[in-house]
Structures are given as structure tokens and as C-alpha cells.
Trainee: 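One structure follows; several queries about it will come next.
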Amino acid sequence: MTLVLVEIEAGQVNLVSEEAVTFARSLGPELGEPLHALVLGPVDDAVQADCARLGVDVVYRATNPELERYAAAAWASALDQATTVSGATVIVASGSPRGTEVLAHLAARRDVPMAANVVSVTSAKPLHVSRQVVGGAALEEMDLSGPLGLFSVAGHAVEAVAADSPGDAVVTDIEADLTPDDLRAQLTRISVRESVDTGTLTKARVVVAGGRGAGSSEGFGDVEALAARLGGAVGASRVVTSLGWRPHHEQVGQTGSRITPDLYIACGISGAIQHWAGCASSKTILAINTDADAPMMTKADYAVVGDMHEVLPAILEELDKA
Amino acid sequence: MTNVLVCIKRVPDSSEAVTLTPDGRAVDGRYSGYTMSPHEECAIEIAASVAGATGGTVTVLTLGTDEAEEQLRYALSVGAKDAILIEGDPDDFGPRDVADAIAEAIRTREADGTPVDLVLVGNDAADTGDFQVGIRLAHLLGRPVCAGIKQVEVDGDVAVMTGDGPEGTEVYEVALPAVATILEGGVEPRYPSITGRMKARKAPVARVTPSGSPRGTGRVVLTVPAPPPSEVTVLGTGAAAAPAVVAMLKELGVTR
């Protein structure tokens, strides 16, 4: 059976966690059932209903008030306890920073292997998984067999879907017995100042990004204008943030943000592997580049061959006409 | 006085196409060359500024073969004062083994009288992407750890670490000694100066051998998925493509 770590955002199970639960459910009777979940955050009726819809049979609610202020080690202690109570042999988290971090703490506590960014299970018994390595440029088949298999699910490895028949989502309290050591690295405070900037990129429906082809920081005027016109966010390639043309939090890529918009418009970006790692999960990609053979242009759904400084103003003008 | 240890990894440069060795067990970096992750370049920069502000030292460490000295020398040219090479083939060492070996090296160093106050590692290795070595290391050493950190300042016995969280910039105040896993983006790594390069050539690299034998990576095989055939729809050339682009935007329902 499987235990999934479920994260909450704005009072609901977030998308990456829905994907992780969907992934766990797909492991089927051999591994994935019954399906238990530990909720990383408060459990109310809405969260319970989300879990039921996703086919979760038992929902663990961690009641220790110390968990309100985030500490990965403390949540790993709660997850450790839920693992014991549930008798789970497979523990799944989303590949988000929080999911990965808490899972790694559990792996350390139990001294068991952990696989990050899994895209599929290639064998249930013994447990073998396929996971993204080298920023998604290669896949590794990894042997995870042992008493406890821990893995995080890569973003968009599966599409989040509700279960054919809802789970009971019976809420079970976990006390989470914490030691002082579990709370040594506890969140001290959140400075909300940059939250608008850092949050918008990963949540935006539309991202308009510029690369070296923008030419300068001033060259982002049309990128900003189109992003504003479509109600989207501005992104940038690593070259651009390294050159200081745009702030680092706008970087899309392996070491920046991994984004999942409905539409990604890549302007003057060649599309190196590291950049592709950050934008590959976009539903639709439009590339604008003078080089028709650039990787971004051949991997995109739509392409316009041309200088972004000519194409973007024309698109803005056309939008105003419409 | 904060003594900082930065753990780095020699990885194949994967900015171009990734090539595998014939047995599919490793990435072949012979033609692409080798580098270190941007996360680790930032970790070195953070270490240099913490050590500079507190009058402490920066030591750089890696687990690898003789070739990894190239990355250690680079780190020595941009702020590290000495280096430790844990001898071993990284392909044999899983994340648990790497953490074990680093913990052993730290314990040895401290037993010899040099405290290690702050350990910085990259958030994830650019090749194996395991996302766990720093956290395992902290558990082995019995020290607190923060992950995904972009900036660190030390105030007395406390490290103030900041990173991006789901609701904004997060600040963790953690008592030293501690561990942090570093993400690129909070600091600008410096370039080596000529004097830095000269010093790096002469700086000492201590060699140690792990006492235990590695438990392994669990790797069965690597594959590079064939790129899907290009299904791109070219909407046009230059400004003349604008009507087709806008029609596509309308179809997707993203115009307002």
C-alpha cells in the first residue's frame, strides 16, 4: 500500500499533489491500494473532499501545533509516524521543493534510498522506477526495491484526474511526536515583499519570456507589454538573468523556475536543454526566433521565424485591432 | 569566525546533447567537457562572503577521481583556501554513500582540531539530480539543515538563511553548526582573478579515502529518450505572422 504526502495551497490540495496522488493510484492493486495520505497543512472539509475525490482511503491529520510554522524535519517526523501507522511500503511525494525536502528527511531518518523526479514505475516487484536525470535530458532506471520505497513524482508526469470511485477519506489524527532537534530549522518569518514576483511565474496561465535575442534589458519592453496584454508573467532565460537584464526570480529552467502555463511564448530563446527542463511542461509553446533551426523552434507547437523586436510589436498591434 | 565547507561535484557539461557511455551506465563527458553546477558556484560565493565577514575560512570538498581536482582548483581560484578530495568513483557512490563519506571527512577534520561551522552543498547535482545529499549529511552530523537557500549571513552563532517559499521569501534563523543546500540566484559568483588562479595552482589539496565501501546508486541503466519528431506549425515569418499568431491566441482563449 502507498502513503502520499499531500500539500495544500489556498485551502485546497495543490495541483502537483493531485498529480502525485493520481500517480500513486495508478500503481494499482499490486502497490497503490489502499491509498493513504498525510496532509502537509490543516485538514478541513474542503481538503477532505479533495482527498476523497482523488481516491484517498485514509487521511492523516497532524495535530501538533508546532507544525504550523514549517520545519521540514518536523514534517518528516509526522510522515515517519504515518508510515508506521499505515504500514505503507511505498511513500510518494510531489517533486515540489517542500515535497522533495520532507521526503529526503524521511529517507535520512530511515536510512533508505529515495528516487527524485520519477516519471513512471517500470516494475512493481521488485520496485524499479524511471526518473529524470541531467535536467530531464536522460532517464535513469533505478532499483528502489527494499522494505520501503521512497520517491517524488516529476511535475506533469501524469495528468491529475479524479478517481473512478471516490475514497472514504477517513480522517485519522497523528500526534507527531517532535523532538527539539526536529524544530531547529523552523521557518522564522516570511517576508511577503517578493511573493508577488516569485509566485506569479509558476502560477501564471501565460508566460512570455525573452532570451539573448532581446539584446538588452531595454529589449524586454515588448515582452512586458505582451505579458501584460495577456494577463501573464514575464520570464527569462539563464543568459538574461546572468547578464543582469532581468531579476533572477524570472529565470525559467533547470536551476530556475519550472513552469506549467497553458501558453509559453519564448522570444529569442534558443532552447538549450537546461531551459527546456523548465518550460517543457507548458501546454502550448510558441517560439519566436530568427533561427528556424534553434531547438526551441523545432520543439515548440508553434513558431514564427523572425526578430522578436519586429514580431512582438506586430502581435500587440493586431491584438489591439481585434 | 565561521569556517565554511563547500561540497561540489564534477559533472559533465550538458548544455549541448547528452551522450551516454556504450554500456548506458553513465553520461560520457569526454567531448562535452566537465563543469560544476551553478548552485555550487553560488555556494562558493556565499561561503566566501560569510568567511570574509566573520574572518573565517572556506574549504572546498569533492568526492571524485583525480580529474575532479580541476573543479577543486577552480573553487580555490574564487575564494576557497584549501581543498579536500575524497577519492572514489562517483558512479559507485549513491547519495547515502556520498553523505557518509563527507560526514566522515568532516569528523576527521574536526578531530584534528579544525571546526566546520557551516556546510554548504548544491540543492541538487546537475547530473544525478538526487535532491538529498545535504539533508542526509545533516542527519548524519546531527545538525539542522535548510534546503533551497539563496542567501546566508552569519550573526554570531546564528546563520540567517533566506530562500523562496510558496508564499514569499522565507527566512530561517538557525544555530551553528548547520548545513544549507544552495540554489542559484541569490548571489553573483565571482570570476577568478589572475592572482586567484596563481594561488589556486599552489594551494593544498588533501586526499582522503572513505573507510566504508559504497552501497551504490541503484542505477540499472540510463537512456536518452529520442526527441519526438518535430510537429511545429510555422505561423509565418516576421511581422506578417501577427494575424496567424493572434488567431492562435484566440483559439487557446488567452486573449482578454
Side-chain angles (χ1 to χ4, degrees), chain A residues 9 72 97 100-101 104-105 107-109 111 113-114 116-117 128 132-135 137-144 184-185 187-195 198 205-206 230-231 248 251 255 262-263 272-274 284 297-298 300-306 310-311 314-315 317-319 322, chain B residues 14-15 18 20 27 38-39 94 96 126-132 135-136 139 144-148 164-175 183-186 218-225 227 230-239 241-243 245-246 248-249 252 254-256:
Chain A
E9 204 172 298
T100 307
E101 183 184 19
H105 274 276
R109 288 173 70 102
D111 193 27
M114 162 188 153
N117 285 323
H128 280 205
Q132 294 173 343
V133 293
V134 201
L139 293 174
E140 174 188 72
E141 184 183 338
M142 179 176 168
D143 181 350
L144 257 190
R184 286 180 302 176
L187 181 58
T188 308
R189 61 182 179 275
I190 296 174
S191 116
V192 188
R193 191 171 45 85
E194 288 175 38
S195 66
T198 50
R205 260 191 85 202
V206 178
L230 300 176
H248 267 289
Q251 185 186 321
T255 57
D262 289 343
L263 175 64
I273 290 168
Q274 283 82 354
T284 302
M297 296 283 275
T298 55
D301 303 291
Y302 298 99
V304 174
V305 186
E310 290 169 19
V311 179
I315 294 173
E317 197 178 311
E318 188 72 21
L319 279 168
Chain B
S14 58
S15 48
V18 169
L20 302 180
V27 176
H39 297 325
R96 289 187 292 174
D127 55 351
T128 52
D130 291 307
F131 291 83
Q132 54 192 271
I135 290 169
R136 288 186 188 276
H139 278 258
V145 55
C146 295
D164 298 329
E167 290 165 29
T169 303
E170 297 183 338
V171 183
Y172 294 83
E173 292 175 4
V174 179
L183 266 184
E184 182 192 21
R219 173 173 291 175
V220 179
V221 71
L222 286 178
T223 50
V224 173
S230 177
E231 290 173 12
V232 64
T233 304
V234 178
L235 295 174
T237 302
V245 171
V246 171
M248 184 271 289
L249 296 178
L252 290 180
V254 296
T255 54
R256 301 196 300 179

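Letters A, B, ... are given to chains in the order of the sequence lines, protein chains preceding strands, and every chain is numbered from 1.
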Trainee: Could you check whether any side-chain heavy atom of B:Val224 comes within less than 4.5 Å of a side-chain heavy atom of A:Val134, counting everything from C-beta outward?
Mentor: no

Trainee: Could you tell me if the side chain of B:Val246 sits less than 4.5 Å from the side chain of A:Ile315, heavy atoms only?
Mentor: yes

Trainee: Among the options B:Ala241, B:Gly185, B:Cys146, pick out the one with the most heavy-atom pairs lying under 4.5 Å from chain A.
Mentor: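 Between B:Ala241, B:Gly185, B:Cys146, the count favours B:Gly185.
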
Trainee: In terms of heavy-atom pairs under 4.5 Å with chain B, which of A:Val305, A:Val133, A:Val311 leads?
Mentor: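 Option with the top pair count is A:Val305.
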
Trainee: In Å and rounded to the nearest 0.5 Å, what is the NE2 to NE2 distance from A:His105 to B:His139?
Mentor: 4.5 Å

Trainee: Check the pair B:His39, A:Thr255 against side chain to side chain contact (heavy atoms under 4.5 Å, CB included), reporting the backbone distance first and the verdict last.
Mentor: CA-CA 7 Å; B:His39 297 325; A:Thr255 57; 3.4 Å; yes

Trainee: Are any non-hydrogen side-chain atoms of B:Val220 and A:His128 less than 4.5 angstrom apart?
Mentor: yes

Trainee: Sort B:Val254 into side chain, backbone, both or neither according to what part of it lies under 4.5 angstrom from a heavy atom of chain A.
Mentor: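 Backbone plus side chain of B:Val254, per the 4.5 Å heavy-atom cut-off to chain A.
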
Trainee: Below 4.5 Å, heavy-atom pairs only: which of B:Ala175, B:Ala239, B:Gly94 has the largest tally toward chain A?
Mentor: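 Most heavy-atom pairs under 4.5 Å with chain A: B:Ala239.
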
Trainee: If only atom types and distance count, is the side chain of B:Arg96 paired as donor or acceptor with the main-chain N or O of A:Asp111 below 3.5 Å?
Mentor: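 Flag set: sc B:Arg96 to bb A:Asp111 pair under 3.5 Å.
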
Trainee: Does the pair A:Leu319 and B:Thr255 meet the rule for a side chain to side chain contact (heavy atoms under 4.5 Å, CB included), with working shown?
Mentor: CA-CA 8 Å; A:Leu319 279 168; B:Thr255 54; 3.6 Å; yes

Trainee: Could you look at B:Val221 and say if it's the side chain, the backbone, both or neither that has a heavy atom under 4.5 Å from chain A?
Mentor: both

Trainee: Pick whichever of A:Gly231, A:Gly135, A:Pro97, A:Ala72 has the most heavy-atom pairs under 4.5 Å with chain B.
Mentor: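 Option with the greatest count: A:Gly231.
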
Trainee: With a 4.5 angstrom heavy-atom cut-off, is it the side chain or the backbone of A:Pro113 that approaches chain B, or both, or neither?
Mentor: both

Trainee: Among A:Glu9, A:Arg189, A:Gln132, who wins on heavy-atom pairs under 4.5 Å with chain B?
Mentor: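 Highest number of pairs under 4.5 Å: A:Arg189.
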
Trainee: Give a yes or no on whether the backbone of A:Met114 and the side-chain of B:Gln132 come within a donor-acceptor separation of less than 3.5 Å.
Mentor: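 Indeed, once roles are kept as given, a pair shorter than 3.5 Å links the two residues.
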
Trainee: For chain B, find which of A:Ala116, A:Ala303, A:Ala185 contributes the most heavy-atom pairs closer than 4.5 angstrom.
Mentor: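 Heavy-atom pairs under 4.5 Å are most numerous for A:Ala303.
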
Trainee: Atom CZ in B:Arg219, atom CE in A:Met142: separation rounded to 0.5 Å?
Mentor: 10.0 Å

Trainee: Is the backbone N or O of B:Glu173 less than 3.5 Å from a side-chain atom of A:Thr188, with the two atoms forming a donor-acceptor pair by type?
Mentor: yes

Trainee: Considering only heavy atoms, which portion of B:Glu231 lies under 4.5 Å from any heavy atom of chain A: side chain, backbone, both, or neither?
Mentor: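 Interface part for B:Glu231: backbone (N, CA, C, O).
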
Trainee: Less than 4.5 Å apart, side chain to side chain, heavy atoms only: is that true for A:Tyr302 and B:Val245?
Mentor: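 Side-chain contact under 4.5 Å: no.
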
Trainee: May I ask you to test the B:Tyr172-A:Leu187 pair for a side-chain heavy-atom distance under 4.5 Å?
Mentor: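 Sidechains of A:Leu187 and B:Tyr172: in contact.
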
